[in-house]
Asker: 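Let me give you the structure first, and then I'll get to my questions.
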Number of protein chains: 2
Amino acid sequence: MSKCEQCIIRKFSSLRALNKEELIKISGCKTSKVVKKGEVLFEEGDYLNGVYCIRDGACKLTKLSANGKNHIVKFITKGDLLGQRSVISDESVNLSAVAVNDMEVCFIPRDEIMSSFKENSEFSVEVVRDICYDLKTSDDVTVNMAQKNVKQRLADSLLYLHDTFGEDAEGYIKIQLSREEIAGMVGTATESLIRMLSEFGKKGLIEVKGKRIKIVSILKIQNVSDGIV
Amino acid sequence: MSKCEQCIIRKFSSLRALNKEELIKISGCKTSKVVKKGEVLFEEGDYLNGVYCIRDGACKLTKLSANGKNHIVKFITKGDLLGQRSVISDESVNLSAVAVNDMEVCFIPRDEIMSSFKENSEFSVEVVRDICYDLKTSDDVTVNMAQKNVKQRLADSLLYLHDTFGEDAEGYIKIQLSREEIAGMVGTATESLIRMLSEFGKKGLIEVKGKRIKIVSILKIQNVSDGIV
DNA sequence: AATAATATATGATATTTGTCATACACTTCG
DNA sequence: CGAAGTGTATGACAAATATCATATATTATT
């Protein structure tokens, strides 16, 4: 079993604030596992008894909406921690987590996290800072969802994907989602999304090759997002 | 100056987890003030050096959207704490706070909050629990904003207002907002909102008298929110 | 390789929502 | 009291978006 003290991944999350003893203790009780693309880490309503540290791969956090569509709220990628909110507030998770590519994750039991949270104020401040950041972001997204039209929201989603996953050698965003999934991020009908994607393509904002999308001009997409025509 | 140890309001927020010494210390350095309806507590981008404890009245938290409209994200009312996110994560606030009726608030300096946060784990857990709850709620709202149509969102907003402010003797929701403000909660044009309000009125879901709104049937409004026609 | 299943694309049309114009109601303030 | 300003309401129309139908492409399965 790999040792947390030597794991670089922890440096990317609030786990960086843990001291050596804490890391050794966690090493002893954590479990590692592989999650294949499409597999479910947890579902809306589940209670987690620990947090996941994402060593590789990514998952989507989704919520089933009132009208039966799966909305992708955000993606969790390599280096991120998953499930802190639920563990700390001792509530069920409100989102489902599904792998969007093959993942490698470590599971750290609840008790370890909570004891560090209570005893190591540097760690607790870090954790809270993360959650606060998420809250701020979520409020911003709420406003965008409420006030922007579908075209603007698609621009936002493309920028978010680009930001989160980066580009491959050819400049394509390093994640492949179905049109239905993207529609579920934007909050629109799949057909509408497809039309808008090809519109963006025709206008030279993006290049589409199957499921792969390349942003031609970040600036132009940003202008669309800001409603600058 | 009133004493925090004797103040009942603190029982409604995470401040309930503070011990007597902490409360006495806060009593000595807190300031109280009255904020008149329409006055601004802080604006998007400000740095707060403390948190507000709302002793009476309410304020709206708004954000200016890309298209220039003021979106009301939520209301903060009697008993709530305001500004913890910004203080703990040491970032500027992302929302503006404007009184929607006359308020009485106490201001607790940053240092007091942070020292209790670091030393009193019961308090820090409470604070984080609150922020986690807000995060969960915010994600839920995001999904609703993205997936529901204007009619459903209006139903949600009415239920939220009813929940947050309660009813007066005649059954009207105990807050008076302009049509423009409600439109800014729902994320729609003011004219569309006005039309929909009168549609709700004609269908007997609500009763409207000037700025005062009465929900006739919570159940029916809930059905609208759920898209059950 | 052929077939089935699924995803993507596009047209036609209905519905929803936004915009602009205008009218009316209500407040405020000199 | 009356004028000016603001908020609310409504009609007419335009634009955005959803829905349904269907075609075509892509992937999976045998």
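Residue numbers start from 1 in every chain, and the chains themselves are labelled A, B, ... in the order their sequence lines are given, proteins ahead of strands.
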Asker: Classify B:Ser178 by what it touches in the nucleic acid, base, sugar-phosphate, or nothing, heavy-atom distance under 4.0 Å.
Answerer: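 Sugar-phosphate only.
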Asker: Tell me yes or no: between the side chains of B:Lys136 and A:Ser86, is some donor less than 3.5 Å from an acceptor?
Answerer: no
Asker: May I have the distance from B:Met145 (atom CE) to C:dT17 (atom C1'), rounded to whole angstrom?
Answerer: 15 Å
Asker: Rounded to whole Å, how long is the line connecting atom CZ of A:Arg212 with atom C1' of D:dT26?
Answerer: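 Interatomic distance, CZ of A:Arg212 to C1' of D:dT26: 16 Å.
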Asker: Supply the atom-to-atom distance A:Lys78 NZ to A:Glu104 CD, rounded to the nearest 0.5 angstrom.
Answerer: 9.0 Å
Asker: Return whichever of B:Leu177 or A:Leu193 has its heavy-atom-nearest nucleotide of DNA chain D closer to the 5' end.
Answerer: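 On the 5' side of the pair lies B:Leu177.
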Asker: Rounded to the Å, how far apart are A:Gln147 CD and C:dT17 C1'?
Answerer: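 The answer, rounded to whole Å, is 14 Å.
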Asker: For B:Gly210 versus B:Val208, what's the shortest heavy-atom pair and its separation?
Answerer: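 What the structure gives for the nearest pair is O-CG1, 3.5 Å.
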Asker: Any base atoms under 4.0 Å from A:Thr188, or only sugar-phosphate, or nothing? Heavy atoms, all strands.
Answerer: sugar-phosphate
Asker: Rounded to whole angstrom units, what separation is found between the CD1 atom of A:Ile194 and the P atom of D:dT26?
Answerer: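 So the two atoms are 13 Å apart, to the nearest Å.
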Asker: Drop me the distance from B:Asn149's CG to B:Asn144's CG, to the nearest 0.5 angstrom.
Answerer: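 Reported to 0.5 Å precision, the distance equals 11.0 Å.
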Asker: Does the D:dT19 base have a donor-acceptor partner in the side chain of A:Arg195 within less than 3.5 Å?
Answerer: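 Result: at least one qualifying N/O pair found.
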Asker: Is B:Asp134 salt-bridged to B:Arg85, going by a charged N under 4.0 Å from an acidic O?
Answerer: no
Asker: Using C1' atoms of five pairs at each end, report the bend of the helix from C:dA1-D:dT30 to C:dG30-D:dC1 rounded to 10 degrees.
Answerer: 40°
Asker: May I have the distance from A:Gln152 (atom CD) to D:dA16 (atom P), rounded to whole angstrom?
Answerer: 11 Å
Asker: What is the separation between atom CD on B:Glu191 and atom C1' on D:dA12, rounded to the nearest whole Å?
Answerer: 13 Å
Asker: Let's see if you can work this out: which of D:dA18, C:dT19, D:dA9 has an atom nearest to the side-chain heavy atoms of A:Ser192?
Answerer: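 The nucleotide sitting nearest to the side chain is D:dA18.
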Asker: Looking only at side-chain N and O atoms, does A:Lys211 come under 4.0 Å of OP1 or OP2 in D:dT27?
Answerer: no
Asker: Within this structure, what is the NZ-to-C1' distance between B:Lys209 and D:dA9, rounded to whole angstrom?
Answerer: 19 Å
Asker: Between B:Asp90 and B:Arg110, does at least one N-O distance fall below 4.0 Å, as a salt bridge requires?
Answerer: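 So B:Asp90 pairs with B:Arg110 through a salt bridge.
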Asker: Ignoring the backbone of B:Ser198, work out which of C:dT10, D:dT8, D:dT10 is nearest its side chain.
Answerer: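 Nearest nucleotide to the side chain: D:dT10.
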Asker: At what distance, to the nearest 0.5 angstrom, does NE2 of A:His71 lie from OG1 of A:Thr62?
Answerer: 9.5 Å
Asker: Could you give the CD1-to-P distance, from B:Ile213 to D:dT8, as a whole number of Å?
Answerer: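 Value for this atom pair: 10 Å.
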